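All chains are named by letter (A, B, ...) in the order of the sequence lines, taking the proteins before the strands, and each is independently numbered beginning at 1. Just so it is clear, the model here is predicted, and its values are computed rather than measured.
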Protein chains: 2
Amino acid sequence: MGKPRYTRIKEHIIRRIDTSRWKAGDRVPSENALATEFGVSRMTARRALQELGEEGLLVRTQGLGSFVADARPMSSMLTVRSIDEEITARGHQHRAEVLLLEAVPAERTNALLLGLGEGAEIFHSILLHWENTLPLQYEERFVNPRFGPEYLSQDFTVTTPSHYLSSISPLTEADQSIEAVTVDSEIGRALQIKRGEPCLKLNRRTWCQRGIVNISTLIYPGSRYRIGGHLNF
Amino acid sequence: MGKPRYTRIKEHIIRRIDTSRWKAGDRVPSENALATEFGVSRMTARRALQELGEEGLLVRTQGLGSFVADARPMSSMLTVRSIDEEITARGHQHRAEVLLLEAVPAERTNALLLGLGEGAEIFHSILLHWENTLPLQYEERFVNPRFGPEYLSQDFTVTTPSHYLSSISPLTEADQSIEAVTVDSEIGRALQIKRGEPCLKLNRRTWCQRGIVNISTLIYPGSRYRIGGHLNF
DNA sequence: TGTCTATACTTGTATATACAAGTAGACTGT
DNA sequence: ACAGTCTACTTGTATATACAAGTATAGACA
């Protein structure tokens, strides 16, 4: 029913920041000052300041005080969801077609990145993901057998590589990039697009604690897909 | 020097999750249980659990307990920085060329989105951003005069539209999308790319508390630019 | 069988208190 | 003039306590 009291204090401070009454760099009242002003204990006032600090609106330094943070820079984020979730969330039907599923010797690929020796085997898969009757994503992966030993025996018309890999080992990190490319005729045929049509290409490396789990490239036709994101500063 | 005690408890829990001793869905000990186990007060144990909840490793529900969260889905983020920061961060020279800077009547544009009446004026700018001797970004903006009244008199060879707008009014939200496109000959000539070369197109709408501040589209040649991001799950 | 209640547990909020640790400025003594 | 110290204020950590509120289960009762 009634909001907790520390939210009142937070709202009070946010209001003063939004209306520019307190500007970037200004000192906001101390925990004790807010406590007496609002008639609460210091720990309650503290909680308000602390959460605002975690949310990035304030910068707090021991011994000095709490200050209004600089306006956040325009840099922001784009989210990339798992393809099957995204399609089913739209109420459409997702189907995965396995174009290739094999073990290849390490020297033929970028296995060095995976931290394996020369002769080692590496798993390689190519899937095509359909939304209803149109192909939407061409997915190629190289998987480290250490972290996904049963990869080749999975039925990817039921699960997806992404689900399998994240169920096997807790993923801790990833880096990725996105670029605009044109694709060769083989991929273009699979995706049923015209020659020269621009595509989004998403390269991703995923890590668990002990090494790289997989390297994947996802390709979307530019005319059928956009990556979207909403962001609260 | 010595870490605070609640971090010990956090590390203890994280260890058990990372080594799969506690798996997704498992219940972790209650605040009171941890308190007696570690010989601390409940509020200290609570802090450990609470922070882990905020970090997404645990899901806490009142009355039930704290549970290990599902492995985070593969969805992740791509960061988009301000173009001038990015170029200068690479140690290169950034230069902005103003191709157009004007006020246009609202009906000619998507001014409805900006929440303005028919006859209102709207600011329109096109800039080309150079990295050393190569054009890297074609930037087109429609700006709401209410939130950037001095927009037309800015010298964008010194500042950037992004800097000006975020200095004027505190930006609270944005949504954006990215797609792969080919561009018309005018933009292609400006960017010095061949006909049909794929480009990344980034559409963004930025909001402050009281309405849409601006609508912008950024276009990068696919061969010269990729959006990158690193992520800790 | 089904429903309501009591109870035991959980997390959430709030207070009062104590001490630790970092910062700035004033005040000291040389 | 300068260096060191002391003080006042800040945030950080930790405890003990109390009550509120949500959940599930066991048991009483119709």
Of A/T44 and A/T61, the one whose nearest nucleotide on DNA chain C sits closer to the 5' end is A/T44

Rounded to whole Å, the CZ-P distance (B/R60 to D/dT23) equals 15 Å

Per atom distances to the B/R5 side chain, the nearest of D/dT11, D/dT15, D/dT13 is D/dT15

Here the distance between atom C1' of D/dG22 and atom CD of B/E31, to the nearest Å, is 14 Å

For A/R141 and A/P161, the nearest pair of non-hydrogen atoms, with its separation, is NE-CB, 3.3 Å

Here the distance between atom P of C/dT10 and atom CG of B/L64, to the nearest Å, is 11 Å

Query - Presence of salt bridge, A/R95 and A/E131, under 4.0 angstrom - result: no

Ranking B/V40 and A/S66 by the position along DNA chain D of their nearest nucleotide, the one closer to 5' is A/S66

Rounded to whole Å, the CG-P distance (A/L58 to D/dG12) equals 11 Å

When rounded to whole Å, the NZ to P distance for the pair A/K10 and C/dT13 reads 10 Å

With the side chain defined as heavy atoms from C-beta on, A/R46 is closest, among C/dT11, D/dT23, D/dT11, to D/dT11

Rounded to whole Å, the CZ-C1' distance (A/F67 to D/dC9) equals 12 Å

**Report entry** Parallel, tilted or perpendicular: ring planes of A/H12 versus A/W22, cut at 30 and 60 degrees
**Finding:** perpendicular

A/R42 CZ to C/dC19 P, in whole Å, measures 14 Å

Aromatic rings A/Y225 and A/Y220: how do their planes relate, parallel, tilted or perpendicular, breaks at 30° and 60°?
parallel

From the candidates C/dA21, D/dT13, C/dT11, the one with an atom nearest any side-chain atom of B/P4 is D/dT13

Self-check item: Residue pair A/T217, A/N203: steps toward the side chain to side chain donor-acceptor pair (under 3.5 Å) verdict
Solution: CA-CA 4 Å; A/T217 68; A/N203 312 289; 5.2 Å; no

Sorted by position of nearest nucleotide on DNA chain C, 5' first, the leading residue of B/S30 and A/M43 is B/S30

Rounded to whole Å, the CG-P distance (A/N32 to D/dC9) equals 10 Å

| said: When you measure from the side-chain N and O atoms of B/Y6 to the phosphate of D/dT13, is any distance below 4.0 Å, counting only OP1 and OP2? | reply: yes

Looking at every strand, decide which applies to B/R47 at a 4.0 Å heavy-atom threshold: base, sugar-phosphate, or nothing. sugar-phosphate

